[in-house]
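In what follows, chains carry the letters A, B, and so on, assigned in the order in which the sequence lines appear, proteins first and then strands, with residues in each chain numbered from 1.
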Amino acid sequence: MNDQSCVRIMTEWDIVAARQLGRNVAKELGFGTVDQARITTAISELARNIYLYAGKGQIGIEQVADRGKKGLKIIAEDQGPGIPDIRKVMEDGFSTSGGLGAGLPGVKRLMDEFSLNSVAGEGTEIQAIKWLR
Amino acid sequence: MMSNQTVYQFIAENQNELLQLWTDTLKELSEQESYQLTDQVYENISKEYIDILLLSVKDENAAESQISELALRAVQIGLSMKFLATALAEFWKRLYTKMNDKRLPDQESTELIWQIDRFFSPINTEIFNQYSISWEKTVSLQKIALQELSAPLIPVFENITVMPLVGTIDTERAKRIMENLLNGVVKHRSQVVLIDITGVPVVDTMVAHHIIQASEAVRLVGAKCLLAGIRPEIAQTIVNLGIDLSQVITKNTLQKGIQTALEMTDRKIVSLGE
């Protein structure tokens, strides 16, 4: 079993590919259907953000282990414009594209761990982990 | 100085030998790939290719139509572009080695390379061109097929219509859903429209956003929108995402949705007593 795999996001259909990959890995790890849905939805949000705001980037899916716990880690990377105000994007209902503005705060709630790193003009890296219970 | 005929003559004179060489090349290369094809297939392809090479000197038009046939066949049996490119390049090299087995002086062997290249290049380019054309055609046909499936509207009862959605919803499709929904409401004079999302694998904020917009638009044209087929795991992710669907009436199955729709239009299904 491969520990890390990657999908490049360039078109809208790559979002589906990233989701599919995430779902397969989650299934292999033994996540239940609810957590599978949470993970795929989180991937969908992150991949769509890449497609909408950065144009291109990649989604990595990794298996992680910590003190006997197993989990799935999503790494979303892009070299896009970056996020100028991180506190603002983590607020519910904030959107620059006329969307619902539930994406990033939603991902944080869907997953167990969440970290966001962004430098304006250089890009964004988001990591999120779901632990297997 | 060698004329353009040199390569042609060599191929014409050594047809059988080259056919063998070509078939061997294909077979050798195919071992690295996982094609499950018989030797007969490779032999036929090789024969066709050599026919094209010979024909290209005599009758360009006939050769062209044969090239597109060959390319189409390659797509159909699933040969990859990479395999085709490697095979053609390999054949070219082996042909050169054969033609130069007397070890010509440098000047002449360079000239020979140019000769072969001039002979093969247009044919090979055309093969790739046709190959990609066939691919593009397949893709665009599938796109059309997918569009036909994208957002059907079914009138089930008077004033009640159902739109069953199966598969991923992208921006293109979301637009279509909205258009078909509104057109359908007007055309079928619907009072209630049901959107069934049992077959939608992921409901993220974008999909939810489109559903909310669609139901709002349906409300504006004077009908009501019901969302059916919300599976438990989808319900949980919607709550986690913090999406507010309180403006839309939701039901977990299409059956319950239709019952509710009938109630909303003052009707109900009763079983006939004995």
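The local environment of NZ in K27(B) is crowded, with over 12 non-hydrogen atoms from other residues, nucleotides or ligands closer than 6.0 Å. Within a 6.0 Å radius of CD in Q255(B), no more than 12 heavy atoms belonging to other residues, nucleotides or ligands are found. More than 12 heavy atoms of other residues, nucleotides or ligands shown are found within 6.0 angstrom of CD on Q147(B). A 6.0 Å sphere centred on CD of E158(B) holds no more than 12 heavy atoms belonging to other residues, nucleotides or ligands.
With hydrogens and angles ignored, the 3.5 Å screen pairs no side-chain donor or acceptor of Q236(B) with any backbone N or O of V34(A).
The closest side-chain heavy-atom distance from T168(B) to R19(A) is below 4.5 Å. The side-chain heavy atoms of E233(B) and Q36(A), taken from C-beta on, include no pair separated by under 4.5 Å.
Residues that satisfy the side-chain hydrogen bond (donor to acceptor under 3.5 Å, both in side chains) test with D170(B), not counting sequence neighbours, are absent from this structure.
L241(B) approaches V107(A) most closely through the heavy-atom pair CD2-N, 4.3 Å.
Residues from residues 122-133 of chain A never place a non-hydrogen atom less than 4.5 Å from a non-hydrogen atom of chain B. Scanning residues 69-77 of chain A against chain B with a 4.5 Å non-hydrogen threshold yields no residues.
Both the backbone and the side chain of P201(B) come within contact range of chain A, each with at least one heavy atom under 4.5 Å from a heavy atom of that chain. In this structure, chain B has heavy atoms under 4.5 Å from both the backbone and the side chain of R38(A). With a threshold of 4.5 angstrom between heavy atoms, V203(B) approaches chain A through N, CA, C or O but not through any side-chain atom.
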Item to check | Stepwise side-chain contact (heavy atoms from CB on, under 4.5 Å) check, L52(A) with M206(B) | outcome: CA-CA 11 Å; L52(A) 280 180; M206(B) 190 212 70; over 6 Å; no

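Rounding to the nearest 0.5 Å places OG1 of T41(A) at 6.0 Å from CD1 of I234(B). Note that CZ of R173(B) and CD of E12(A) are 12.0 Å apart. Values are rounded to the nearest 0.5 Å.
With no hydrogens or angles considered, no side-chain donor-acceptor pair links T205(B) and R48(A) at under 3.5 Å.
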Give every donor-acceptor pair under 3.5 Å between a side-chain atom in residues 177-194 of chain B and any protein atom, sequence neighbours left out.
from	atom 1	to	atom 2	distance (Å)
N180(B)	ND2	A151(B)	O	2.7
N183(B)	ND2	E179(B)	O	3.4
S190(B)	OG	T161(B)	OG1	3.1

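Heavy-atom pairs under 4.5 Å with chain A peak, among T171(B), D244(B), V239(B), at T171(B).
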